[in-house]
> 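I have a structure I would like to understand better, so I am pasting it below and will then ask my questions one at a time.
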Amino acid sequence: MSSFLSALSGQRPERLPVWFMRQAGRSLPEYKKVREGTTILEACLKPDLAAEITLQPVRRHHVDAAIFFSDIMTPLVLAGVDVDIKPGIGPVIDNPVRSAADVERIVAHRIEDASAISEAVRMVVAELGEQTPLIGFAGAPFTLAAYLVEGRGSRDHLQARAMMHADPEAWHTLLNWCAELSAHFLTVQIDAGAKAVQLFDSWAGALSRDDYTERVQQHSAKVMAAVEGRVPRIHFGVGTRHLLTEMAEIGVETLGVDYRTPLDEAAWLVPGLPLQGNIDPALLAAGWDALEDHTRDVVRRGRAAPAHVVNLGHGVPPTTDPEVLTDLVALIHEL
Ligand code: CP3
């Protein structure tokens with residue numbers, strides 16, 4: 001079994017597995033080259049291009065898992081929702097979902113044809129062979145809804161958090177639809193050969209524990225339930241120390257931890273669960289000695305968990321020197 005899948009099942013393989021969130025992307029010159037003249041959402045829907053971009057970081061860095069090149073917005077595009085991803089900004093929705101009528105309109109959308117995704121995943125899996133598993137992913141319902149309601153990224157998600165209290169019925173209708181969309185997106189990737197999945201609830205950290213458990217958690221659990229028993233499930237959010245127990249309850253085999261919470265503390269908060277993380281992405285630009293010291297500390301603290309998949313505590317910054325990532329993989333494989 002691959003070291004990555006073995007760690008997700010709670011084992012400690014001989015070599016620590018490592019991959020990086022956003023390992024495919026702007027830190028790689030070969031990515032910038034093949035993406036020239038194509039928007040990111042167009043690239044996500046061109047199977048040969050999405051497959052090539054997925055494979056680039058595996059070839060270059062020798063990471064232990066590939067993550068499918070796509071975006072959390074892709075299922076919305078497939079369902080015909082008008083979304084865009086603007087360079088340097090992120091997802092933008094021109095007509096944000098603000099009222100019960102807006103919710104009614106959006107939940108009428110369905111994914112009719114996901115063949116571009118299946119095709120890309122099949123190409124990647126054929127190329128990777130048995131050694132390197134492919135991770136499928138989706139956005140968690142809250143993070144998707146946060147973009148739909150705010151219309152773009154936001155620091156405190158005031159409008160989304162207001163809506164869940166002002167109109168709980170519309171909110172639950174919206175999250176339920178987001179959950180169905182994400183479950184569908186994950187299922188398509190698993191059917192085509194993805195060997196694990198990660199659900200990104202990137203912005204859940206903005207929520208109080210009560211709001212999370214009463215207005216969000218059941219929808220994330222529904223996504224995880226849709227793929228239960230098929231492949232191991234990883235769950236990740238940013239700034240979620242106060243929610244780790246609750247996030248672990250939705251049905252996960254491994255919990256991702258951001259760079260703010262040391263892994264030994266996380267292991268104490270969610271005992272018995274394999275952990276993934278949590279090298280601070282800032283350290284990638286802090287010089288090799290600082291990065292090596294920090295990485296050794298992350299790995300040492302990770303021993304408090306039954307198993308550890310090494311990763312960053314959030315995505316690779318676009319300004320990262322790719323050689324640093326290659327060297328970091330080699331270091332982790334020696335530890
Ligand atoms: O290598 C990988 O991780 C796989 C590909 C991947 C992308 N987006 C490609 C991408 C994954 C897993 C995502 C998930 C995603 N997308 C999340 C969850 C993970 C996280 O970072 O918390 C979120 C919140 C999004 C929404 C989104 N899409 C943002 C905030 C941005 C950045 C905008 C910018 O320009 O800084 C995007 C665009 C995006 N998605 C890029 C990539 C490689 C960069 C833009 C580009 O290359 O044109």
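What you see is a predicted model, and the numbers here were worked out from it, not measured in a lab. Every number for a ligand or one of its atoms is a count from 1 in the order of the listing. Starting from 1, each residue takes its place in the sequence as its number.
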> Starting from atom 47 (O) of ligand 1, find the nearest protein heavy-atom neighbour and note its residue, name and distance.
Tyr31 OH, 2.5 Å
> Begin from the C-alpha positions of Glu30 and Arg59 and carry the test salt bridge (Lys or Arg N to Asp or Glu O under 4.0 Å) through to its verdict.
CA-CA 11 Å; Glu30 58 270 35; Arg59 291 190 201 114; over 6 Å; no
> With heavy atoms of Trp203 as the reference, note each atom of ligand 1 found under 4.0 Å away.
24 (C)
> Assess whether side-chain hydrogen bond (donor to acceptor under 3.5 Å, both in side chains) is satisfied between His314 and Asn278, documenting all intermediate values.
CA-CA 8 Å; His314 201 181; Asn278 68 350; over 6 Å; no
> Can you tell me the protein heavy atom closest to atom 30 (C) of ligand 1 and the distance?
Tyr147 OH, 3.6 Å
> Looking only at distances, please establish whether an N/O atom of ligand 1 is found under 3.5 Å from an N/O atom of Ser202.
yes
> Evaluate side-chain hydrogen bond (donor to acceptor under 3.5 Å, both in side chains) for Asp210 paired with Ser208, printing each intermediate quantity in order.
CA-CA 5 Å; Asp210 281 355; Ser208 70; 5.8 Å; no
> Around atom 19 (C) of ligand 1, find the nearest protein heavy atom and jot down its residue, atom name and distance.
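The protein heavy atom lying closest is Phe200 CD2, 3.4 Å.
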> Report yes if Arg22 has an N/O atom closer than 3.5 Å to an N/O atom of ligand 1; otherwise report no.
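Min N/O separation from ligand 1 is below 3.5 Å for Arg22.
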> Report yes if some heavy atom in the side chain of Asp211 is under 4.5 Å from a heavy atom in the side chain of Val216; otherwise report no.
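Of all side-chain heavy-atom pairs linking Val216 with Asp211, none is under 4.5 Å.
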> Among all protein heavy atoms, pick the one closest to atom 39 (C) of ligand 1 and tell me residue, atom and distance.
Ile40 CD1, 3.3 Å
> Which of the numbered atoms in ligand 1 are below 4.0 angstrom from a heavy atom of Gly90?
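The list of qualifying atoms is 31 (C), 33 (C).
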> May I ask you to identify the nearest protein heavy atom to atom 38 (C) of ligand 1, giving residue, atom name and distance to one decimal place in Å?
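Answer for atom 38 (C) of ligand 1: Ile85 CG2, 3.5 Å.
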> When only distance counts, is Phe20 in polar contact with ligand 1, meaning an N/O pair under 3.5 Å?
no
> Below 3.5 Å, N or O to N or O, backbone or side chain included: is there any such pair between Phe236 and ligand 1?
no
> Look at atom 34 (C) of ligand 1 and say which protein heavy atom is nearest, naming residue and atom and giving the distance to 0.1 Å.
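Protein heavy atom at minimum distance: Arg26 NH2, 3.3 Å.
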> Just to check, does Phe68 reach to within less than 4.0 Å of ligand 1 when the distance is taken from its heavy atoms?
yes
> Give the minimum heavy-atom separation between Met224 and Ile234, together with the two atoms involved.
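Nearest pair, atom of Met224 first, then Ile234: CE-O, 3.6 Å.
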> Looking at Phe20, is its backbone amide N or carbonyl O close enough to the side chain of Gln23 to form a donor-acceptor pair, meaning the two atoms are under 3.5 Å apart?
yes
> If you measure from each non-hydrogen atom of Pro87 to ligand 1, which part falls under 4.0 Å: side chain, backbone, both or neither?
backbone
> Please write down residue, atom name and distance for the protein heavy atom closest to atom 7 (C) of ligand 1.
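Ranking protein heavy atoms by distance from atom 7 (C) of ligand 1, first comes Ser70 O, 3.0 Å.
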> Within a distance under 4.0 Å of any heavy atom of Ala24, pick out the atoms of ligand 1 and give their elements.
1 (O), 43 (C)
> Hey, mind stepping through Ser99 and Asp102 against side-chain hydrogen bond (donor to acceptor under 3.5 Å, both in side chains) and telling me if it holds?
CA-CA 5 Å; Ser99 64; Asp102 294 339; 3.3 Å; yes
> Give me the nearest non-hydrogen protein atom to atom 46 (C) of ligand 1 as residue plus atom name, then the distance to 0.1 Å.
Arg35 NH1, 3.3 Å
> Gly88 near ligand 1, heavy-atom distance under 4.0 Å?
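True for this residue.
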> Heavy-atom contact check, 4.0 Å cutoff: does Met73 meet ligand 1?
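Judged by the 4.0 Å heavy-atom criterion, Met73 does not count as contacting ligand 1.
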> For a side-chain contact (heavy atoms from CB on, under 4.5 Å) with Trp288, tell me which candidate from Asp293, Leu283, Asp327 qualifies.
Asp327
> Carefully, step by step, assess Asp258 and Arg241 under the rule salt bridge (Lys or Arg N to Asp or Glu O under 4.0 Å).
CA-CA 8 Å; Asp258 90 336; Arg241 187 191 190 284; over 6 Å; no
> With atoms numbered from 1 as shown, which atoms in ligand 1 lie under 4.0 angstrom from a non-hydrogen atom of His314?
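Matching atoms, with element in brackets: 20 (C), 21 (O), 22 (O).
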> Between OG1 of Thr240 and CG of Leu244, what distance do you get to the nearest 0.5 Å?
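The distance works out to 5.0 Å.
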> For the ring pair Phe200 and Phe137, is the centre-to-centre distance below 6.0 Å?
yes
> Quick one: pull up CG in Leu312 and CD1 in Ile279 and give me the separation to the nearest 0.5 Å.
6.0 Å
